[in-house]
Amino acid sequence: MIKYFLLFSFFILSSCASNKANELSPFSENTLVNECLSVFIKIEAAVVDSNVIDAEGYRIADYPYLRTNRFLSSLPVHLDKHLEARKWLELLYEFNNKGLIVELANLKKEEKINLYEELDSSYIHISGLENTISNCREPLLEYDINNPARLTDIRNRSNVPDNYSLLRRAIGLYPVTKYPVLYSFKRWKKNNLGSFATFDYEAEWENQPVLYHPQGITDYVQPDEISKIIKKSLSDTFEIPHIPKESFIRIAQSLAPIFIIEQASDADKIGKPEWSNQDDLLINTSQPVVYARLGFAWFDGEILPQIAYTAWFPERPRHNFMDILGGKIDGITWRLTLGRNGKTLIADTIHPCGCYHFFFPSKYIKKSPGNQGFAVTEEIETPQQLPDFSSEDRLAINVAANTHYIQNIGLQSQFKNADSYHNYDYELIIGVQAPDLDLRSMPLSTGNRKSLYGTDGIIQGTQRLERFLLWPMGIRNAGAMRQWSKHATAFVGRRHFDDPFLFHDSFEYE
């Protein structure tokens, strides 16, 4: 019923609106445009009805063929410049298609049949759904480009809301409650960040360490070649480094880190998220994998490529019933931002809850003076400079048992006793069709598929007790594991892991 109501509502609005609203009517005199709009409206209704909404992209209201994210919304689009506006809309259309890949894959078999029956117009019947989505790009985008009011409306609606709730902060008396939270974080830093300065690469471990190394990689890409690939890829209006899939795979493999993890239990093994026969989520540690994805950030007026690597653990063990940080599923995300010279400018890391956000600048950049201003907020933490590394001497991320806190960033060659560690290879899974596709659409025992993440971007069942203490900071379900674009990384202040200006605002070249 919802899908029919949506279609009926669009027709009613288009016929009853004022002159100005008529300019923004979703339907036009062009039959093909109307058919294409109807396709996307029906797909959207099916996705909503089936509860398979993918939360990574931000849907632009009333434009079911467009989605955006913080990076796409940061692009300096001059709407009066046809080529710029056209390219921007193409990026939003393509980004929406990547979300549709996930959502359509996650429809149950009978839901797909019902959707195809709904779409069985002459145009869809002839073209097929995939071809229709591709073929609809030109008429829809031309319709928008030639309607300045629609174009302005799209731009105005494309601002991605942040992941902080003003209502929660107001009810939770944030101006007061932020101070004990900030004090607690400072105590945590004092107790945990000292390891970066005092780490002993040859010391005996309390628990047997395990070394995870990317498997089967022999085609290494050096910085000079990476630079050539990046510069050659700057072909569009905005100079976004659209690195070809094959080249990105080679770069991601060459820069992939090793993980040296102190292992106290199976909770310290990395593995592959899977749905069990009972459709319960588990991390299969017999299949060590790390997921990689491409992103972008602004720095010093340039758009730079980023590579984010994520490893998953079965849990963070709870020591007792009062442990507010432990719970099901844990992980580490490690991200590199590459300069156009092919060298890594900075690395930063979080756990997939958005917690423990730390920065590791290379020797080429430094923190900007006074970047915090006068606001009371969590500082940008730089516990260690990023070492110079290469594909022959990889970065080694040292991880503590149980908590999975990063203790040090070193080089593989510095661990003199590495031959005595338990050594495993991990498979590097690189999302090239859609970022994190292997997580956003995972097979079920029934033959259907389901996302790792809920429609709100949260991994169900990963909630922590800390959410009851930290809700006044405005973050929903604080401590739970969450999807890309949903990582608020500061309890005091505002910060997002996918903020494209994060490094530009906080660092500068040496």
Side-chain angles (χ1 to χ4, degrees), residues 2-10 13-14 24-27 33 36-75 77 85 88-107 111 115 118-119 129 132-134 136-137 140-141 143-144 147 149-165 295 433-437 439-441 450-458 476 482-488 496 498-500:
I2 292 178
K3 60 191 74 174
Y4 299 112
F5 175 76
L6 285 171
L7 281 169
F8 179 75
S9 298
F10 271 117
L13 288 173
S14 64
L24 303 181
S25 168
F27 293 95
V33 170
C36 286
L37 279 167
S38 296
V39 168
F40 282 99
I41 291 169
K42 290 176 181 178
I43 292 174
E44 181 82 358
V47 166
V48 172
D49 282 352
S50 303
N51 203 34
V52 294
I53 293 173
D54 182 75
E56 177 169 327
Y58 176 65
R59 286 169 155 78
I60 299 181
D62 296 333
Y63 299 89
Y65 49 93
L66 302 177
R67 299 186 206 190
T68 188
N69 57 25
R70 290 189 173 88
F71 170 71
L72 293 176
S73 294
S74 77
L75 295 175
V77 183
W88 184 62
L89 287 180
E90 288 176 355
L91 292 172
L92 299 188
Y93 193 90
E94 179 60 28
F95 187 55
N96 181 69
N97 288 352
K98 291 180 179 179
L100 286 179
I101 289 172
V102 173
E103 291 164 341
L104 292 173
N106 290 341
L107 289 175
E111 293 167 342
L115 174 60
E118 284 286 319
L119 296 174
L129 181 56
T132 299
I133 291 173
S134 176
C136 279
R137 185 174 85 161
L140 287 174
L141 299 192
Y143 181 49
D144 291 334
N147 286 268
R150 284 179 65 82
L151 199 55
T152 300
D153 192 48
I154 292 170
R155 187 60 174 170
N156 291 339
R157 293 172 184 242
S158 67
N159 294 320
V160 181
D162 70 20
N163 293 321
Y164 295 87
S165 166
Q433 186 179 16
D436 292 340
L437 178 60
L439 296 174
R440 295 158 70 188
S441 183
K450 181 180 178 181
S451 176
L452 174 66
Y453 310 100
T455 57
D456 58 357
I458 303 292
R476 180 178 177 273
R482 56 198 71 215
Q483 188 171 5
W484 195 266
S485 83
K486 302 301 179 184
H487 296 114
H496 295 87
D498 63 329
D499 177 1

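- Defined by atom type and a distance below 3.5 Å, a donor-acceptor pair is missing between the side-chain atoms of Ser451 and Asn106.
- Taking the side chain as every heavy atom from C-beta outward, Lys98 and Pro435 approach each other to under 4.5 Å.
- Between Arg67 and Glu103 there is a salt bridge, since a side-chain N of the basic residue sits under 4.0 Å from a carboxylate O of the acidic one.
- Although no hydrogens or angles enter the test, the distance criterion places a donor-acceptor pair under 3.5 Å between the side chain of Asn69 and the main chain of Phe71.
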### Message
Working note: Val77 + Arg155, criterion side-chain contact (heavy atoms from CB on, under 4.5 Å); need CA distance, chi angles, decisive distance, verdict.
### Response
CA-CA 9 Å; Val77 183; Arg155 187 60 174 170; 4.0 Å; yes

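- Between the CG atom in Leu452 and the CZ atom in Arg440 there is a gap of 11.5 Å [rounded to 0.5 Å].
- For the atom pair Gln483 CD and Asp436 CG, the distance stands at 8.0 Å (nearest 0.5 Å).
- At least one side-chain heavy atom of Arg476 sits less than 4.5 Å from a side-chain heavy atom of Asp456.
- For the atom pair OH of Tyr143 and SG of Cys36, the computed distance is 12.5 Å after rounding to the nearest 0.5 Å.
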### Task
Report the C-alpha distance between Asp54 and Tyr453 in whole Å, list the side-chain angles of each, state the deciding distance to 0.1 Å, and finish with yes or no for side-chain contact (heavy atoms from CB on, under 4.5 Å).
CA-CA 8 Å; Asp54 182 75; Tyr453 310 100; 5.6 Å; no

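- Inter-residue side-chain proximity for Leu66 and Asn96 is flagged as unmet; no heavy-atom pair is nearer than 4.5 Å.
- Using a 4.5 Å heavy-atom cutoff, the side chains of Val160 and Asp498 are not in contact.
- A salt bridge between Glu56 and Arg70 is absent, with no side-chain N of the basic residue lying under 4.0 Å from a carboxylate O of the acidic one.
- When only modelled atom types and interatomic distance are considered, Thr68 and Ser158 share no side-chain donor-acceptor pair under 3.5 Å.
- Between the CH2 atom in Trp88 and the OG atom in Ser73 there is a gap of 6.5 Å [rounded to 0.5 Å].
- With rounding to the nearest 0.5 angstrom, the OG atom of Ser441 is 10.5 Å from the CD1 atom of Ile101.
- Asp162 has its side chain within reach of His496: a pair of non-hydrogen atoms, C-beta onward, lies under 4.5 Å apart.
- Residue Ile41 holds its CD1 atom at 12.5 Å from CD of Glu118, rounded to the nearest 0.5 Å.
- Of the candidates Ile43, Val52, Asp49, Leu107 forms a side chain to side chain contact (heavy atoms under 4.5 Å, CB included) with just one, namely Val52.
- Contact of the Lys486 side chain with the Ile458 side chain is not registered, since no non-hydrogen atoms from C-beta on lie closer than 4.5 Å.
- Classification of the Phe40-Tyr93 ring pair by plane angle, with boundaries at 30° and 60°, yields perpendicular.
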### Message
With side-chain contact (heavy atoms from CB on, under 4.5 Å) as the criterion, how do Leu129 and Leu104 come out once you've worked through the C-alpha distance, each side chain's angles and the decisive distance to 0.1 Å?
### Response
CA-CA 10 Å; Leu129 181 56; Leu104 292 173; 4.0 Å; yes

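- For the residue pair Asp153 and Tyr63, a side-chain donor N or O sits within less than 3.5 Å of a side-chain acceptor on the partner.
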